[in-house]
Amino acid sequence: MDIATGTRASDAERQEIVAQLSRHLSDGRIDLTEYDQRVAAVYATTTRDDLPRVLTDLPPLRAATASAPAPSIRRRVPLWQRIELSAWLGVSLLNVVIWGLVCLGIGTFVYPWPLWVIGPWGAVLIFRMFAGWESKACGPARQ
């Protein structure tokens with residue numbers, strides 16, 4: 001506990017007050033001109049007692065951790081696998097449409113050849129996604 005008056009303020013304490021001011025700015029309580037003036041006042045102060053004075057007419061902020069959603073525990077699919085899955089889906093749909101048009105053009109049901117494109121490619125993608133050995137080689141998840 002600091003009982004001495006006139007204790008000098010640190011840069012971290014000033015930055016905390018500036019962060020609160022920026023939240024008030026983003027919430028619309030103060031405008032940009034007033035924000036600039038208050039930030040200049042924060043950096044001009046030398047003692048801890050003077051720092052909260054720029055916030056006296058503003059309501060206290062709720063804790064940022066209370067409003068932030070809890071982190072998700074589920075595993076995310078890496079970007080390259082999402083790209084591969086979307087390419088597989090696009091090619092699969094294209095093959096099924098071509099096969100359907102051929103069936104309509106001939107007027108009879110033809111051998112479902114798109115299964116030879118969709119099946120093996122999809123099986124390889126599913127195996128690679130659940131095996132996870134590619135993700136381990138890349139280190140921590142990067143998005």
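What you are looking at is a predicted structure, and each value in this text was computed from that prediction instead of being measured.
- Under the 4.5 Å side-chain criterion, counting only non-hydrogen atoms from C-beta, His24 is in contact with Leu61.
- With values rounded to the nearest 0.5 angstrom, Thr33 atom OG1 is found 6.5 Å from Gln37 atom CD.
- Hydrophobic clustering of Ile, Leu, Val, Met, Phe, Trp and Tyr side chains at less than 4.5 Å, counting indirect connections, keeps Val91 apart from Leu94.
- Under the 4.5 Å side-chain criterion, counting only non-hydrogen atoms from C-beta, Arg29 is not in contact with Arg23.
- Taking the side chain as every heavy atom from C-beta outward, Pro60 and Gln20 never approach each other to under 4.5 Å.
- Proximity of Met129 to Leu85: side-chain heavy atoms (C-beta onward) are separated by under 4.5 Å at one or more points.
- For the pair Arg38 (side chain) and Val54 (backbone), a donor-acceptor distance under 3.5 Å is present.
- Asp11 contributes atom CG, which lies 13.0 Å from atom CD of Glu16 (distance to the nearest 0.5 angstrom).
- Rounded to the nearest 0.5 angstrom, Ser22 OG and Ile17 CD1 are separated by 11.0 Å.
- Note on Val18 and Leu32: same hydrophobic cluster, where clusters join Ile, Leu, Val, Met, Phe, Trp and Tyr whose side-chain heavy atoms are under 4.5 Å apart, directly or indirectly.
- Put simply, CG on Leu25 and CG on Asp31 are 8.0 Å apart, with the number rounded to the nearest 0.5 Å.
- Between Arg8 and Asp49 there is no salt bridge, since none of the side-chain N atoms of the basic residue sits less than 4.0 Å from a carboxylate O of the acidic one.
- In this structure, CD in Gln15 is found 10.5 Å from OG in Ser10, a value given to the nearest 0.5 Å.
- The closest side-chain donor-acceptor pair between Thr47 and Asp50 falls under 3.5 angstrom.
- Between Asp36 and Val39, the closest side-chain pair of non-hydrogen atoms is not below 4.5 Å.
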Next on the checklist: Run Trp121 and Leu125 through side-chain contact (heavy atoms from CB on, under 4.5 Å) and show every step you take.
Outcome noted: CA-CA 6 Å; Trp121 189 6; Leu125 290 178; 3.8 Å; yes
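- Looking only at distances, a side-chain donor or acceptor of Trp88 sits under 3.5 Å from a matching main-chain atom of Ile118.
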Which side-chain N or O atoms in residues 97-116 pair as donor and acceptor under 3.5 Å with protein atoms at least two apart or in another chain?
residue : atom : partner : partner atom : Å
Trp99   : NE1  : Val110  : O            : 3.4
Trp99   : NE1  : Tyr111  : O            : 3.1
Tyr111  : OH   : Trp116  : NE1          : 2.9

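- Checked by atom type and distance alone, the side chain of Arg14 pairs as donor or acceptor with a backbone atom of Thr45 at under 3.5 Å.
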